[in-house]
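If you're wondering where the values come from, they're calculated on a predicted model, not measured in any experiment. One-based numbering, in listed order, for ligands and for the atoms of each. Residue numbers run from 1 in the order of the sequence given.
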Amino acid sequence: MTTADPPPSSSTYTPPPPFNTSTTPLIPIYQGAEAHLYKTTFLTPSTPAALKIRPSKPYRHPILDRRLTRARILQEARCLHKLVKEDVSVPAVLGLDWEFAVAADNEGNRNGNGGSWLVMEWIEGEVVRVILERWERYMKGLARESGSQEIPEGEAEKVRGLLRKIGAAVGSLHKAGVIHGDLTTSNLILRPFSPAAANAPEEEHSSPSMEGEIVMIDFGLASQSVQDEDRAVDLYVLERAFGSSHPRTEKFFEEVLVGYRESYKGAGPALKRLEDVRMRGRKRSMIG
Ligand SMILES: Nc1ncnc2c1ncn2[C@@H]1O[C@H](COP(=O)(O)OP(=O)(O)OP(=O)(O)O)[C@@H](O)[C@H]1O
Ligand SMILES: [Mg+2]
């Protein structure tokens, strides 16, 4: 996942059945290396949904490709289903097809493998990456005006609160026996408590709101595990993501671990293990 360009627009794209752009608009949201994301409706015209399409890869052997896309979408759906049942805040699965057909010849016979799709509940709000980037821009402006790098206490407390909520979300995930596998700030959405409280685009140069609930998304690399080592690596990946994407928030990362400890009784051994994982990471970067 490297690019953030929108996927093909609905006017040039023929979506898999049962999606039909003449009856259901598909709004392109995101195009990654592996998946395309659209906002659409599903079940009823007033149920907003996120459609994640994993197109088949023409350069991969068809049997291998079919197995891989099928395994990933099923793993993602299974984890989401289990987590919704356990009341962990993730989008609910509304439907999926692990092997949709596309026109395989000029006559329009639909028997080729197009890939797989998953439809899930649409989560309002913004990914944490966007919120923290906006906050960092605001802090930079403030530092320029005041000539001081000091973070005002009110702003620091806001970020600490957000990080504790993130830690609590990861704790609830690990408690349920699931490892995310790709914990970055792009895979966490802050859902405002009320839609009116969402950050409006014109507020670009103000300090963003950090009120709301953390919802975890993107379970394409998730697995079920109760190993402290796996939990520690999950936390380490998140710690590295903060360090590289949001340097001004790095010093607050401990708050993630505070939230994690508060929400999850088994946190102790996983946090102990995190120290070993960090040590291994440091050694590896010294060796190069
Ligand atoms: N349920 C959802 N509700 C709202 N927006 C979503 C939802 N799922 C995904 N998105 C948006 O689409 C973007 C990409 O989704 P996602 O992270 O699942 O794909 P990806 O990173 O390409 O996946 P993968 O790493 O599995 O290939 C997210 O960062 C988010 O902005
Ligand atoms: Mg993602």
Side-chain angles (χ1 to χ4, degrees), residues 1-10 13 15 19 24-43 46-57 60 65 67-81 83-84 88-96 98 114-134 166 169-170 173 178-192 195 198-199 201 208 212-223 234 237-238 240-242 244-246:
M1 186 219 80
T2 45
T3 55
D5 299 331
S9 78
S10 40
Y13 179 65
F19 301 93
T24 333
L26 289 187
I27 304 166
I29 299 293
Y30 173 89
Q31 172 159 24
E34 304 274 333
H36 300 171
L37 246 297
Y38 294 89
K39 183 176 184 181
T40 184
T41 53
F42 197 67
L43 303 175
S46 59
T47 312
L51 167 65
K52 186 170 186 172
I53 298 182
R54 287 189 185 283
S56 66
K57 303 269 186 198
R60 258 192 321 230
D65 183 63
R67 265 195 212 149
L68 284 176
T69 28
R70 180 189 143 121
R72 272 192 87 176
I73 215 100
L74 285 179
Q75 183 64 358
E76 183 159 14
R78 264 189 215 116
C79 287
L80 289 174
H81 179 69
L83 292 167
V84 166
V88 179
S89 98
V90 298
V93 176
L94 303 176
L96 69 89
W98 59 75
S116 55
W117 59 257
L118 171 73
V119 181
M120 60 198 138
E121 178 191 356
W122 178 259
I123 307 296
E124 289 300 340
E126 223 148 5
V127 296
V128 169
R129 179 181 50 77
V130 168
I131 293 169
L132 289 180
E133 281 171 356
R134 192 177 292 173
I166 294 174
V170 179
L173 179 73
V178 175
I179 303 298
H180 186 282
D182 189 19
L183 276 178
T184 65
T185 53
S186 301
N187 289 334
L188 302 167
I189 295 182
L190 181 67
R191 172 161 56 190
N199 288 300
E213 180 199 11
I214 294 291
V215 183
M216 292 167 285
I217 58 163
D218 195 357
F219 284 76
L221 294 174
S223 55
D234 230 14
V237 168
L238 184 62
R240 294 298 295 255
F242 268 95
S244 58
S245 310
H246 314 289

Subject >> Which N, O or S atom of D218 lies nearest to the Mg ion (ligand 2), by name >> reply: OD2

Subject >> From the candidates I29, T185, I189, the one that places a heavy atom nearest atom 6 (C) of ligand 1 >> reply: I189

Original post:
Any side-chain heavy-atom pair from V128 and I214 closer than 4.5 angstrom?
Top reply: yes

Subject >> Residue-ligand contact R72/ligand 1, heavy atom below 4.0 Å >> reply: yes

Original post:
Based purely on interatomic distance, does E76 place a nitrogen or oxygen under 3.5 Å from a nitrogen or oxygen of ligand 1?
Top reply: no

**OP:** Give the atoms of ligand 1, by number and element, whose distance to some non-hydrogen atom of W122 is under 4.0 Å.
**Re:** 3 (N), 4 (C), 5 (N)

Original post:
Side-chain contact, heavy-atom cut-off 4.5 Å: V178 with V88?
Top reply: no

Original post:
When you look for heavy atoms under 4.0 Å from ligand 1, do you find them on the side chain of A50, its backbone, both, or neither?
Top reply: side chain

Subject >> Contact check: V127 vs ligand 1, nitrogen or oxygen atoms, below 3.5 angstrom >> reply: no

Subject >> Donor-acceptor contact present, side-chain T40 to main-chain P25, <3.5 Å >> reply: yes

Original post:
Can you tell which part of L37 has a heavy atom less than 4.0 Å from ligand 1: side chain, backbone, both or neither?
Top reply: side chain

**OP:** Specify whether an N/O/S atom of S186 falls short of 2.8 Å from the Mg ion (ligand 2).
**Re:** no

**OP:** Consider every N or O of N187 and every N or O of ligand 1, then say whether any pair is closer than 3.5 Å.
**Re:** yes

Subject >> Side-chain donor or acceptor of E121 paired with backbone N/O of A92 under 3.5 Å >> reply: yes

Subject >> L118: which of E76, R72, R54 passes side chain to side chain contact (heavy atoms under 4.5 Å, CB included) >> reply: E76

Subject >> Sub-4.0 Å heavy-atom approach of R54 to ligand 1 >> reply: yes

**OP:** Evaluate the side-chain proximity of T41 to T47: yes if any heavy-atom separation is below 4.5 Å, no if none is.
**Re:** no

Original post:
Using heavy atoms and a threshold below 4.0 Å, how should the contact between I217 and ligand 1 be classified: side chain, backbone, both, or neither?
Top reply: side chain

Original post:
Would you say E121 and ligand 1 have an N/O pair spaced under 3.5 Å apart?
Top reply: yes

**OP:** Let me know which of H36, E34, M120 forms a side chain to side chain contact (heavy atoms under 4.5 Å, CB included) with K52.
**Re:** M120

Subject >> Pairing of R129 and E133 as salt bridge, 4.0 angstrom limit >> reply: yes

